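Before any comments, here is the structure.
Since we're looking at a predicted model, the values are computed, not measured. Note that ligands are numbered from 1 as they come in the structure, with each ligand's atoms numbered from 1 the same way.
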Amino acid sequence: MSNTEQVLVLVKPDGVKRGLVGKVLERAEARGYTIARLEMRWATPELLARHYAEHKDKPFYPSLVEYMTSGPLVALVLEGAQVIVAFRTMAGATDPVKAAPGTIRGDFGRDWGTGEIQNIVHASDSPESAAREMAIWFPQA
Ligand code: UDP
Ligand code: MG
C-alpha cells in the first residue's frame with residue numbers, strides 16, 4: 001500500500017517575475033519530491049474565486065486577485081509521502097516578514113509596501129485542499 005500524497009504548489013507572479021521558479025523547484029527536488037505536473041499559467045479572477053473561495057469576503061481579497069493576476073504563475077503538483085505538511089513547512093509563514101529563515105518565504109520574501117502580502121508561493125494546507133485545488137488547476141489529471 002502506498003501512502004504517497006500530492007500537493008498543489010503555485011509559484012506566484014512575484015516569484016516568476018523575480019526569477020525564483022528555479023529556486024523553488026530546486027528546493028522541492030533537493031528534498032526528494034517528484035514533480036508530477038508543471039505548467040505556466042495566467043490566472044483569471046474566475047479561477048481565483050474558486051481557488052481562494054475561503055477568502056472571497058475578506059478585505060484583502062481584491063488586492064489578492066490583483067496580485068495573483070499581475071503576471072504569469074507556475075502551477076505544479078509535487079508528489080511524495082507527507083509532502084503536504086513538508087512543503088507547507090518549506091514555504092514558511094504567510095507573512096514573509098515573520099517567516100523563518102530557511103523557508104522559501106523567509107529567504108526570498110519581504111514587505112514591498114504594497115498592502116497585499118506577496119509571498120512567492122502557494123501550497124495546499126491539507127489533503128482536502130490539495131484534492132480541491134488540483135481539480136481546479138489540473139482538471140484533466
Ligand atoms: N493575504 C494578504 N493579506 C492578508 C492575508 C493573506 O494579501 O492579510 C494573501 C497572501 O498572499 C496569502 C493569501 O492571501 O498567501 C492566502 O492567505 P492564507 O491566509 O490562506 O495564507 P497561505 O495559506 O497562503 O499561507
Ligand atoms: Mg491558505
Side-chain angles (χ1 to χ4, degrees), residues 2-141:
S2 165
N3 55 2
T4 292
E5 284 181 351
Q6 291 189 323
V7 66
L8 187 278
V9 172
L10 302 175
V11 183
K12 296 180 174 185
D14 58 322
V16 173
K17 275 189 204 118
R18 293 183 51 220
L20 297 170
V21 174
K23 287 200 156 51
V24 173
L25 298 182
E26 183 179 32
R27 285 180 181 221
E29 290 190 308
R31 202 78 196 273
Y33 298 114
T34 304
I35 299 171
R37 306 295 302 259
L38 179 70
E39 197 177 310
M40 183 161 261
R41 303 278 286 274
W42 202 307
T44 60
E46 293 71 29
L47 188 144
L48 291 167
R50 295 175 63 206
H51 177 78
Y52 281 132
E54 64 174 322
H55 296 311
K56 69 177 187 302
D57 298 322
K58 306 260 176 73
F60 62 82
Y61 187 73
S63 66
L64 174 60
V65 172
E66 196 172 324
Y67 159 43
M68 292 296 291
T69 56
S70 65
L73 54 76
V74 172
L76 62 142
V77 172
L78 294 178
E79 199 170 279
Q82 300 211 62
V83 69
I84 299 170
V85 167
F87 198 85
R88 282 290 288 195
T89 305
M90 289 166 69
T94 302
D95 180 352
V97 173
K98 295 176 187 141
T103 64
I104 293 166
R105 290 161 168 176
D107 284 351
F108 304 125
R110 55 165 284 191
D111 179 359
W112 297 94
T114 48
E116 81 284 348
I117 297 176
Q118 299 195 19
N119 53 10
I120 304 150
V121 288
H122 166 84
S124 316
D125 62 8
S126 67
E128 295 70 30
S129 303
R132 193 182 69 80
E133 293 170 5
M134 286 189 291
I136 292 169
W137 290 91
F138 294 104
Q140 71 281 27

Residue and atom name of the nearest protein heavy atom (relative to atom 9 (C) of ligand 1), distance in Å to one decimal: Leu64 CD1, 3.7 Å

Nearest atoms (heavy-atom pairs only) where Gly80 meets Thr4: N-CG2, 3.9 Å

Name of the residue among Arg88, Met90, Arg105, Arg27 meeting side-chain contact (heavy atoms from CB on, under 4.5 Å) with Val121: Arg105

Nearest heavy-atom neighbours spanning Pro45 and Tyr61: O-OH, 4.4 Å

With Pro96, the side-chain contact (heavy atoms from CB on, under 4.5 Å) member among Ile117, Asp111, Ile120: Ile117

Within reach of ligand 1, part of Asn119 (heavy-atom separation under 4.0 Å): side chain

Contacting atoms of ligand 1, where contact means under 4.0 angstrom from a heavy atom of Tyr67: 11 (O)

Atoms in ligand 1 with a heavy atom of Glu116 nearer than 4.0 Å: 7 (O)

Distance from atom 21 (O) of ligand 1 to nearest protein heavy atom, with residue and atom: Thr94 OG1, 3.2 Å

Whether Lys12 lies under 4.0 Å from ligand 1, heavy atom: yes

Residue part near ligand 1, for Arg105, under 4.0 Å between non-hydrogen atoms: side chain

Minimum-distance protein heavy atom relative to atom 8 (O) of ligand 1: Phe60 CD2, 3.6 Å

Shortest non-hydrogen contact between Pro13 and Met68, atoms and distance: CG-O, 3.5 Å

Glu66 atom CD, neighbour heavy-atom count above 12 within 6.0 Å: no

Identity and separation of the nearest protein heavy atom to atom 20 (O) of ligand 1: His55 NE2, 2.8 Å

Asn119 versus Lys12, closest heavy-atom pair with distance: OD1-NZ, 2.7 Å

Ligand-residue contact atoms, ligand 1 with Arg88, heavy atoms, under 4.0 Å: 22 (P), 23 (O), 25 (O)

Ring geometry between His55 and Phe60 (parallel below 30°, tilted from 30 to 60°, perpendicular above 60°): tilted

Closest approach of any protein heavy atom to atom 10 (C) of ligand 1, naming residue and atom: Ile117 O, 3.5 Å

